[in-house]
Amino acid sequence: MADKANPASGYAPILSALATMQSNAGKEEKTNAHEFLEKFQKSLEAWNTTHAILQDSAVPAEARLFAATTLKGKITYDLHQLPADALTPLRDSLLSLLQLYISGPRPVRTQLCVCLAILAIQLTTWKDVLRTVGSAVGSSSDGGDCLLDFLRILPEEVTEGRKINLSEEELADRTKELLEDNAAQVLNLLVSYAQSSTQAAHNPHLYSCIASWLREIPTIDVVNSPLLNEIIDALQDSDSFDAAVDCLCTMFRDTRDVDESQSVIRILYPRIIKLRPMIAEAASTEDNDLMKGITRLFAEAGEAWVVLIARMPEDFRELVECVLECCVRDKDREAISVTFIFWYELKQSLTLEKYMPARAALADLYSKLVDVMIKHLEFPTPENGNEKDLFDGDREAEDKFRSFRHNMGDVLKDCCEVIGVTQCLMKSFALIQSWGQKYASQVSGTTVPHWQELEAPLFSLRAMGRMVSPEEDTVLPQVIPLLTTVPDHEKLKFQAIMALARYTEWTSQHPETLEAQLNYVISGFSHSSQEVVQAAALAFKFLGTDCHSLLGDHVPQLHSFYESVIDKLKSTSQEEVTEGVAAVVAAQPVGKVYETMKMFCDPVMRRVVALAAQATDESAEKTVADYLGLMTVFFDWVQPYVSPSEENPAVKYCQEVLPALSQIAKHFTRSMPILERVCKCWRSMVISYRTATAPLLPTLATSIAEGFEASRQGCFLWATDAVIREFSYGAEFVDEATSDNVYRFFAQQATVFFRILAELQPVELPDVIEDFFRLASDAVRFYPQKALTSNLALPMVNASLTALTLQSLEPIQATLHFLRDFLDFGFEQPPISNFNGPNGEPTAGNPPEVQAAVRQVLGSTGQELVHRVLTGMMFSFPEDCFPDASGILLSLFNLVPQAAAQWVQGTLQALPAGTLKPAEANKLMKGISDKLQQNEARKVRVLLQDFTNSYRRRNVAPREGLGRLEAARFKFSG
């Protein structure tokens, strides 16, 4: 009991913990304080303690906000902790607290309004909610403000009602009572308040409240009321401007069904168009906030009424003009991004056949839009004249500009679809030509006057590249040669090379332009700028992949170039250049593949071996791994077609490098980068050359098995998986003996995995667990008869139960996928269409012995399986795992319904004391029983999902309040 002389003594530990959270205390102290406060928030004592803190004006404002937020969580999740007859007194005490905070601080007052709203939803005997709250807060200016807060919050919380432990039917009834039945009363209340004084009419909370109730009050009733004039007038006041914009935009969204909303749109449209002078006002006063708001107003109106614009372009043209004017006048590029969705949505309509007349009518505006966008693409001219730092050291502004440019590039693509690629390209070409006529003669080395005016149209060419057909023959024949003459200025050369990279498909059909482009791109490799070098690598990749047939006769020159640059590049650029040359190697006649592959790969492999012999630290090992990655690129790309009876030249080369790869894997048993790349090489060989790799299998399987045992790394299981997939029973060109050997290979890997799992904690093996269960899923699907009726079935399921104790998404997901596959074989119909029996012959249906094997395993593991899955959903699984977890429960209820129900009941009985009321458990079990009797097992899945979500929110998920302590400090101090 709290000390009556000093009430604060009862909650001193809470205040102390909050102070620790906001102090410079050590990590351990803060963690302990956090855990203490989390436990407090879910405790029974929190009901009285939060009230006591909120009633104590001497307590810091941040602590009172924490108390109010905690109280909100209690009412949302813990109302079951109170007896039914305590709910009305709780309501009255909340109203008293609201009166206490009627003048603020506003964050606390807002949380108390939320508390009342959430209680109102659940306290179904409380029928006169609006009148009760209105009477409590009074009619003073602060009271009006407080009532607006409550009114705004109520519809929002009702919409979020799924958090509350009410049935769908109860929530629907309460929604009608609180919102639908009160809509007319609220509208009258808001009109009265708006007309009560000028101060009230310009209160931003009024417009936030209107926006919130537009879910219930028909928009036509609002626009036909005096409120529309008040909302429009509020745009002239800086205090209420943003809220009024939000309110109008909510109205626009409500009128997206333009046929049902014609009467509303007829009223709104002329009122919105009359606001057009505000665009010029925002530009002349350089008011960025005004520009953003007015741009949003026109853009969102356009998004909502885009169908009407397409149907009646003449009637709605001015709205499009307004959005375009916002783009033109937004000199600081602060607001233009708000229009991007509008231009996309309008393009989507205008490109439909039935709206071709509108497309023609609005084409001139899209043409102007291209000019505007290209102008906005220009880099700024630095005020200090430092070309090396265009943003005066503001990295955030630079990143924002780069991102913004790519979004503008998407708008240019939209323009291409509306007015045609040729017209858009011609504008870029004209700007490049114009720059050349003005400034080309003034270029001196890397000093280029007004380079921004050239770089922007170059970027636009690159941005529009995806829209241009390889058959374009009007602009590109003029533009492409021009790009290869762009000066050596860093940003210009980068953009020119990136533009060339976009048009390599066109180049493949215009071979006469290839040599000049190739020379220009290759010159980029010797540029002092790393960005230009990286652009050159990317462009070379596309030239190689798209023009491989044109480069087929240039193998010696390409080999010489490759050898000269590969050691100088960063790893990503190395891979890109390698993809380019690998594509050319892949295009060689089958008779030349082996020697060409050897010409390029042997030097890479020699580097790998030489570097591996000297690698003694992580950096050197990463370099070895990078070169190994280049070998994988060749295996991925070079896939010659040969008949099954002939030797595959690529496999012949693989056979030569296999010993070296195996030796490297044996030597570097602790280097993850190297082991992963070696395994990727092996996996790529199998995937690329499929059953042609049969001659490699004995050596490959031995290397993979030895590597896994020595290193205990999951990448070896990943490589095993490729072998399982390609050489399973029934695979084309695979004999039964080979398939048997491959299954034994899997069994060997599984046995090693079980041993590792017995020796180490699952938390030490997340990647290995993930890779094993991906492998096990394939083993079950490709070898169901052998895998499920063998002595591996039970250990695999037991291992999965151990794996489910993890909390990482990927291993849990892989394990759940395995369990779903495993359970699917318990049914009469197998989950695969080409089921093969033990001798590889196709069978009809799922053999009884396979079904029996699944049920037998469930006989000994079912209770723990349900326990792991159900408690995982309640306590520890990441949210993305819920569909698979509930899918497992559904399978169990379909497979063994009565046993599954008993297993669920056993799990509920084992939950921590006090976290689940017996009535709630009984309600769930009765629901499950009813659904099973009605033969609706699928609905059991929904029951369990709702139950676990509710349990988790109440007992496990962190409550609000703790993470916002720092924010609260600034909010109150501000």
Side-chain angles (χ1 to χ4, degrees), residues 470 501 504-519 521-522 537 539-566 574-608 627-658 660-661 680-696 700 722 726 732-733:
T504 49
E505 286 187 35
W506 182 88
T507 302
S508 69
Q509 297 190 23
H510 299 81
E512 70 280 1
T513 67
L514 176 59
E515 186 175 353
Q517 291 186 63
L518 193 58
N519 289 337
V521 168
I522 287 175
F540 184 86
K541 166 188 166 179
F542 289 124
L543 282 170
T545 54
D546 290 334
C547 305
H548 52 79
S549 58
L550 301 178
L551 294 167
D553 296 332
H554 296 75
V555 167
Q557 297 94 313
L558 285 177
H559 179 256
S560 175
F561 158 74
Y562 185 67
E563 282 291 293
S564 69
V565 302
I566 197 66
Q574 284 181 331
E575 286 195 18
E576 287 163 352
V577 172
T578 302
E579 283 187 58
V581 298
V584 178
V585 174
Q588 295 296 298
V590 173
K592 289 188 174 182
V593 166
Y594 171 74
E595 63 180 82
T596 313
M597 201 169 176
K598 191 174 179 64
M599 177 193 298
F600 282 94
C601 291
D602 272 0
V604 176
M605 204 62 208
R606 280 195 293 271
R607 286 176 172 87
V608 170
Y627 280 104
L628 280 168
L630 304 185
M631 295 296 293
T632 304
V633 172
F634 282 105
F635 299 144
D636 287 341
W637 274 91
V638 184
Q639 299 180 21
Y641 176 77
V642 293
S643 72
S645 60
E646 295 177 301
E647 181 183 42
N648 187 309
V651 173
K652 179 183 177 183
Y653 182 74
C654 290
Q655 210 152 12
E656 292 182 10
V657 299
L658 210 52
L661 294 173
K680 192 173 182 183
C681 274
W682 289 336
R683 182 179 166 88
S684 294
M685 289 176 188
V686 175
I687 291 173
S688 293
Y689 311 126
R690 310 196 67 175
T691 53
T693 57
L696 309 180
L700 192 56
E726 293 300 335
E732 198 175 11
F733 310 123

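Index from 1, following the sequence.
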Subject >> Heavy atoms of other groups near Glu563 CD, more than 12 under 6.0 Å >> reply: yes

[X]: side-chain hydrogen bond (donor to acceptor under 3.5 Å, both in side chains) partners, not counting sequence neighbours:
| X | answer |
| --- | --- |
| Gln639 | Ser688 |
| Gln557 | none |
| Arg683 | none |
| Ser643 | Ser645, Glu646 |

**OP:** Provide the full list of side chain to side chain donor-acceptor pair (under 3.5 Å) pairs with a residue in residues 539-556, sequence neighbours left out, each pair given once.
**Re:** Thr504-Asp546

Any side-chain heavy-atom pair from [X] and [Y] closer than 4.5 angstrom?
| X | Y | result |
| --- | --- | --- |
| Trp637 | Val585 | no |
| Val581 | Phe540 | yes |
| Leu696 | Cys654 | yes |
| Leu558 | Val584 | yes |

Please tabulate, for side-chain N and O atoms in residues 598-606, each donor-acceptor pair with protein atoms closer than 3.5 Å (sequence neighbours left out).
unit_1, atom_1, unit_2, atom_2, d
Lys598, NZ, Asp602, OD2, 3.0
Lys598, NZ, Glu656, OE1, 2.9
Asp602, OD1, Tyr653, OH, 2.7

**OP:** For Glu726 and Thr693, run side chain to side chain contact (heavy atoms under 4.5 Å, CB included): C-alpha distance rounded to whole Å, both residues' side-chain angles, the deciding distance at 0.1 Å, then the answer.
**Re:** CA-CA 10 Å; Glu726 293 300 335; Thr693 57; over 6 Å; no

Original post:
Within the side chain of Ser684, is there an N or O that forms a donor-acceptor pair under 3.5 Å with the backbone of Lys680?
Top reply: yes

Subject >> Main-chain N/O of Gly552 paired with Gln588 side-chain donor or acceptor, under 3.5 Å >> reply: yes

**OP:** Please name all residues satisfying salt bridge (Lys or Arg N to Asp or Glu O under 4.0 Å) with Glu647, sequence neighbours left out, ordered by chain then number.
**Re:** none

Subject >> Phe542/Thr507 under side chain to side chain contact (heavy atoms under 4.5 Å, CB included): CA gap, chis, key distance, verdict >> reply: CA-CA 10 Å; Phe542 289 124; Thr507 302; over 6 Å; no

What are the two closest non-hydrogen atoms of [X] and [Y], and how far apart are they?
| X | Y | value |
| --- | --- | --- |
| Leu628 | Cys681 | O-SG, 3.6 Å |
| Phe634 | Ala582 | CD2-CB, 3.8 Å |
| Pro649 | Tyr594 | O-CD1, 3.7 Å |
| Glu595 | Lys592 | CG-O, 3.3 Å |
| His510 | Pro470 | CE1-O, 3.4 Å |
| Ala650 | Val638 | CB-O, 4.2 Å |

Non-neighbouring partners of [X] that pass side chain to side chain contact (heavy atoms under 4.5 Å, CB included), sequence neighbours left out:
| X | answer |
| --- | --- |
| Ala537 | Phe525, Ser573, Glu576, Val577 |
| Ala692 | Asn648, Val651, Tyr689 |
| Leu550 | Pro511, Leu514, Cys547 |
| Gln574 | Ile566, Leu569, Ser571, Asp626, Tyr627, Leu630 |

Original post:
To the nearest 0.5 Å, what is the distance between CD1 (Ile687) and OG1 (Thr632)?
Top reply: 10.5 Å

